[in-house]
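Throughout, a chain's letter reflects where its sequence line sits, starting with A, and its residues are numbered from 1. Just so it is clear, the values below take in all heavy atoms, side chains as well, and ignore hydrogens, waters and symmetry mates.
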Amino acid sequence: MENIRVRFAPSPTGALHIGGVRTALYNYLFAKKHKGTFILRIEDTDQTRYVEQAESYIIEALEWCGFTPDEGPGIGGKYGPYRQSERKSLYAKYAQQLIDSGKAYYAFDTPEELDAIREAEKAKGNHTFKYDSKVRATLNNSIRLSADEVQAKLDADEAYTIRLMVPQDEIVVVHDLIRGEVKFQSNELDDKILLKADGMPTYHLANIVDDYAMKISHVIRGEEWLPSTAHHVLLYRAFGWEDVMPKFAHLPLILKPTGKGKLSKRDGSKLGIPVFPLSWNGATAEDSFVGFREFGFDIGAVRNFLAFLGWNPGTEQEIFKLEELVEAFSIENIGKSGARFDYDKAKWFNQQYIMAKDNKALVPEIRQIISAHGHDASDEFLESVAGMMKERVTLMPDFWTNASYFFEEVKEYDQKTIRKKWKPERRPLFDNLVERFEQLEDYSADQVKATVETFMADHELKFGDVLPILRIGVSGTTKGPSVFDMMALIGKETVNNRMKKAYDIMDNYHNEV
RNA sequence: GGCCCGUUCGUCUAGGGGUUAGGACGCAGGAUUUUCAUUCCUGAAACACGGGUUCGAUUCCCGUACGGGCUGCCA
């Protein structure tokens with residue numbers, strides 16, 4: 001394949017949905033795989049739905065993902081501008097061309113009139129009204145009106161739209177790289193609006209004009225676009241561009257984790273899971289969301305997870321770096337059926353990525369997490385924490401929630417363990433253990449362990465009698481890394497103080513019971 | 001309602017006319033581990049249904065069912 005040029009074309013109406021991120025990913029992978037060009041185009045033709053912060057959000061999200069566009073707003077490229085609002089005059093020109101060639105027509109019907117017709121049809125039992133070849137001759141447009149009447153309306157600055165005149169009795173074939181041939185009967189197709197009354201194009205016109213102008217070779221987009229692709233083919237034909245029409249690939253949808261339908265932003269807040277790459281602060285709490293990044297996901301894991309939602313390499317490899325995804329990616333391996341969003345799988349990927357990281361690389365990330373709780377520590381200390389904890393976390397914030405005792409005093413003690421393991425009559429023994437720790441000059445994990453072993457031998461105790469007590473004293477929980485490693489890291493004085501305090505707490509607990 | 005797309009373990013999927021239908025997540029059990037996690041082993045778990053075609057269909061065709069998408073001067 002030569003000159004592969006693909007575009008990711010989001011609409012700046014809010015935060016970029018994770019499904020959009022996957023579309024961007026597949027476009028990016030396809031472009032890079034074929035040494036092609038990845039283009040970002042902002043489809044801001046709907047002035048009523050435009051959201052100020054959305055474009056910068058999209059760009060930041062792509063940046064986080066590592067999908068740097070080769071061309072796009074703020075980047076440049078020889079096919080710009082890359083914001084459709086800045087290409088407005090182009091669309092009007094092409095719409096006019098279609099009018100002149102008889103492939104499109106003026107329609108003066110107002111939205112209110114059309115709504116009224118829809119209502120009336122509904123009342124008569126017709127499920128939907130379609131503005132199509134069957135009815136266009138009866139409506140308020142340049143098909144029915146005389147040339148003079150049309151001119152008069154135009155001269156009077158009456159609002160109009162331009163509609164595509166869909167030909168009758170044709171079979172429109174869409175060749176889809178994922179689904180094969182998809183056929184549509186043109187009589188089923190409505191006369192889509194191309195140019196809106198505000199002078200802006202609809203998606204249908206803008207996307208064809210721009211894909212043509214930007215020499216797009218492949219359109220990779222969500223399956224929700226498949227039905228309107230017939231119109232797009234008709235448009236290419238109307239313009240005489242069918243020979244350079246891009247190839248289409250319609251991606252399966254990402255479905256809700258539970259229940260029916262495609263994943264929506266509501267599912268995020270409802271289930272407490274991220275469905276956006278980055279956090280989004282909307283005007284209301286309802287419209288604000290926590291992103292994958294802020295949940296503590298690694299971007300590599302997110303990419304890997306998303307890549308596998310609808311695609312697979314055909315091998316049994318599961319973990320793919322970005323370069324490996326590029327290498328392995330192919331449209332042939334994209335599935336046809338919708339993929340359910342599996343949050344457990346996403347977390348598993350994240351855990352894999354954290355475990356695979358260098359302890360050193362984890363240091364700044366852990367520092368960021370604990371600093372949110374007002375703590376800091378040396379690089380060496382954090383590196384040790386990374387080594388001890390990375391196999392025990394799934395999301396970055398777990399470095400705090402599961403390991404806060406490395407950074408501050410124990411706040412909660414696992415009562416079940418106290419009940420089972422603390423024998424108040426052994427208090428003198430354990431006091432003695434702390435005394436032995438105090439004697440240690442070399443408070444290393446090995447020395448601590450040796451001390452404990454001697455202590456156990458002296459009093460005929462087992463690991464099970466001593467270690468849980470140490471764990472509770474040091475961390476409040478029985479879960480965690482090697483207790484000797486934890487003790488050595490936290491340090492003699494702190495540990496000894498914690499132990500003494502814990503003895504009192506455990507005694508008290510037993511007194512209360 | 002109409003049009004379009006889809007349907008392999010609960011989930012993501014491999015496979016494809018003759019296979020013990022493979023892997024991963026999750027789940028259950030076990031081993032290792034001072035605990036937890038990791039790691040390893042084992043297990044339960046799937047070709048939606050009905051007709052064809054065929055010596056033989058999970059695989060090809062047609063229906064049905066179910067699911068999804070579209071049906072806006074939204075994208």
Can you list everything that forms a ring-ring contact (aromatic ring centres under 6.0 Å, His included) with A:Phe184? Sequence neighbours excluded, please. none

Pairing of A:Lys336 and A:Glu223 as salt bridge, 4.0 angstrom limit: no

Do A:Arg163 and A:Tyr131 form a cation-pi contact, if we require the NZ or CZ to be under 6.0 Å from the six-membered ring centre and within 45 degrees of the ring's axis? yes

Could you check how far CG of A:Asp44 sits from P of B:A75, rounded to whole Å? 10 Å

Under 3.5 Å, is there any donor-acceptor pair linking the side chain of A:Ser482 to the base of B:U34? yes

Counting any heavy atom closer than 4.0 Å, what does A:Ser11 reach on the DNA or RNA strands: base, sugar-phosphate only, or nothing? sugar-phosphate

Please tabulate, for side-chain N and O atoms in residues 308-316 of chain A, each donor-acceptor pair with protein atoms closer than 3.5 Å (sequence neighbours left out).
from: A:Trp311; atom 1: NE1; to: A:Ser330; atom 2: O; distance (Å): 3.4
from: A:Asn312; atom 1: OD1; to: A:Gly314; atom 2: N; distance (Å): 2.7
from: A:Thr315; atom 1: OG1; to: A:Gln317; atom 2: N; distance (Å): 3.3

May I ask you to decide if the ring planes of A:Phe276 and A:Phe289 are parallel, tilted or perpendicular, using 30° and 60° as cut-offs? tilted

Give the rounded distance in Å between these two atoms: CG of A:Asn304 and P of B:C25. 13 Å

Rounded P spacing from B:G67 to B:C12 in Å: 16 Å

For A:Gly125, answer base if it contacts any base atom (sugar-phosphate contacts may also be present), sugar-phosphate if it contacts only those atoms, and nothing otherwise; contact means non-hydrogen atoms under 4.0 Å. nothing

A:Lys336 vs A:Arg471, nearer the 5' end of RNA chain B by closest nucleotide: A:Lys336

Looking across every strand, which nucleic acid part, if any, lies under 4.0 Å from A:Pro257 by heavy atom: base, sugar-phosphate, or nothing? nothing

Roughly how many Å apart are B:U7 and B:C47, using the P atom of each and rounding to a whole number? 15 Å

Per the under-4.0 Å heavy-atom filter, residues of residues 45-56 of chain A near RNA chain B come out as A:Thr45, A:Asp46, A:Arg49

Pick base, sugar-phosphate or nothing for A:Tyr160, based on heavy-atom distances below 4.0 Å to the nucleic acid. nothing

Expected list for residues 219-226 of chain A near RNA chain B, using heavy atoms below 4.0 Å, is A:Glu223, A:Glu224, A:Trp225, A:Leu226

Roughly, in whole Å, what's the span from CG in A:Leu205 to P in B:G72? 18 Å

With A:Lys93 via salt bridge (charged side-chain N to carboxylate O under 4.0 Å, His left out) - residues at least two apart: none

Residues A:His231 and A:Asp190: side-chain donor-acceptor under 3.5 angstrom: yes

At 4.0 Å (heavy atoms only), tell me whether A:Pro468 reaches a base, stays on the sugar-phosphate, or touches nothing. nothing

Hey, are A:Asp109 and A:Tyr160 close enough side-chain-wise for a donor-acceptor pair under 3.5 Å? no

Any N/O pairs under 3.5 Å between the protein and nucleotides 40-49 of chain B? List them or say none.
none

Please tabulate, for the side chains in residues 201-208 of chain A, all donor-acceptor contacts under 3.5 angstrom to protein atoms that are two or more places apart in sequence or on a different chain.
from: A:Thr202; atom 1: OG1; to: A:Ile193; atom 2: O; distance (Å): 2.7
from: A:Thr202; atom 1: OG1; to: A:Leu194; atom 2: O; distance (Å): 3.4
from: A:Tyr203; atom 1: OH; to: A:Arg221; atom 2: NH2; distance (Å): 3.0
from: A:His204; atom 1: ND1; to: A:His232; atom 2: NE2; distance (Å): 2.9
from: A:Asn207; atom 1: OD1; to: A:Arg7; atom 2: NH2; distance (Å): 3.1

With sequence neighbours excluded, tell me which residues meet side-chain contact (heavy atoms from CB on, under 4.5 Å) with A:Glu181. A:Val173, A:His175, A:Lys183

Are the charged groups of A:Arg118 and A:Glu121 less than 4.0 angstrom apart, N to O? no

So if I take residues 178-195 of chain A and measure heavy-atom distances to RNA chain B, which residues fall below 4.0 Å? A:Arg179, A:Val182, A:Lys183, A:Phe184, A:Glu188, A:Ile193

Interface residues of residues 444-462 of chain A with RNA chain B (non-hydrogen, below 4.0 angstrom): none

Scanning all shown strands, the Watson-Crick or wobble mate of B:U39 with both distances under 3.5 Å is B:A31

Using the C1' atom on both, measure B:A48 against B:C66 and round to a whole Å. 8 Å

What is the nucleic acid contact for A:Asp109, judged by heavy atoms within less than 4.0 Å: base, sugar-phosphate only, or nothing? base

If we take the C1' atom in both B:U13 and B:C70, what is their distance in whole Å? 27 Å

Can a salt bridge be assigned to the pair A:Arg87 and A:Asp210 using a cut-off of 4.0 Å between side-chain N and carboxylate O? yes

Classify A:Thr161 by what it touches in the nucleic acid, base, sugar-phosphate, or nothing, heavy-atom distance under 4.0 Å. base

Electrostatic pair A:Glu119:A:Lys122 at N-O distance under 4.0 angstrom: no

Would you tell me whether A:Asn359 and A:Lys390 have side-chain atoms, one donor and one acceptor, within less than 3.5 Å of each other? yes

Roughly how far apart, to the nearest Å, are B:C73 and B:G2 at atom P? 22 Å

Starting at atom NZ of A:Lys347, determine the distance to atom P of B:U38, rounded to an integer number of angstrom. 13 Å

Inter- and intrachain pairs under side-chain hydrogen bond (donor to acceptor under 3.5 Å, both in side chains), touching residues 341-358 of chain A, at least two apart: A:Asp298-A:Lys357, A:Asn304-A:Tyr353, A:Lys357-A:Glu365

Distance-minimising heavy-atom pair for A:Pro81 and A:Met214: O-CE, 3.7 Å

Protein N or O to nucleotides 10-15 of chain B N or O, pairs below 3.5 Å:
from: B:C12; atom 1: OP1; to: A:Arg340; atom 2: N; distance (Å): 2.9
from: B:C12; atom 1: O2'; to: A:Phe308; atom 2: O; distance (Å): 3.0
from: B:U13; atom 1: OP1; to: A:Gly310; atom 2: N; distance (Å): 2.9
from: B:U13; atom 1: O3'; to: A:Asn312; atom 2: ND2; distance (Å): 3.0
from: B:A14; atom 1: OP1; to: A:Asn312; atom 2: ND2; distance (Å): 2.7

Between A:Lys421 (NZ) and B:U34 (P), how many Å, whole number? 14 Å

What is the separation between atom CG on A:Leu395 and atom C1' on B:A37, rounded to the nearest whole Å? 15 Å

Below 3.5 Å, does any donor atom in the side chain of A:Thr128 face an acceptor in the base of B:G1, or the other way round? yes

Considering only the C1' atoms, how many Å lie between B:C61 and B:G10, rounded to the nearest integer? 31 Å

B:G68 OP1/OP2 closer than 4.0 Å to side-chain N/O of A:Lys262: no

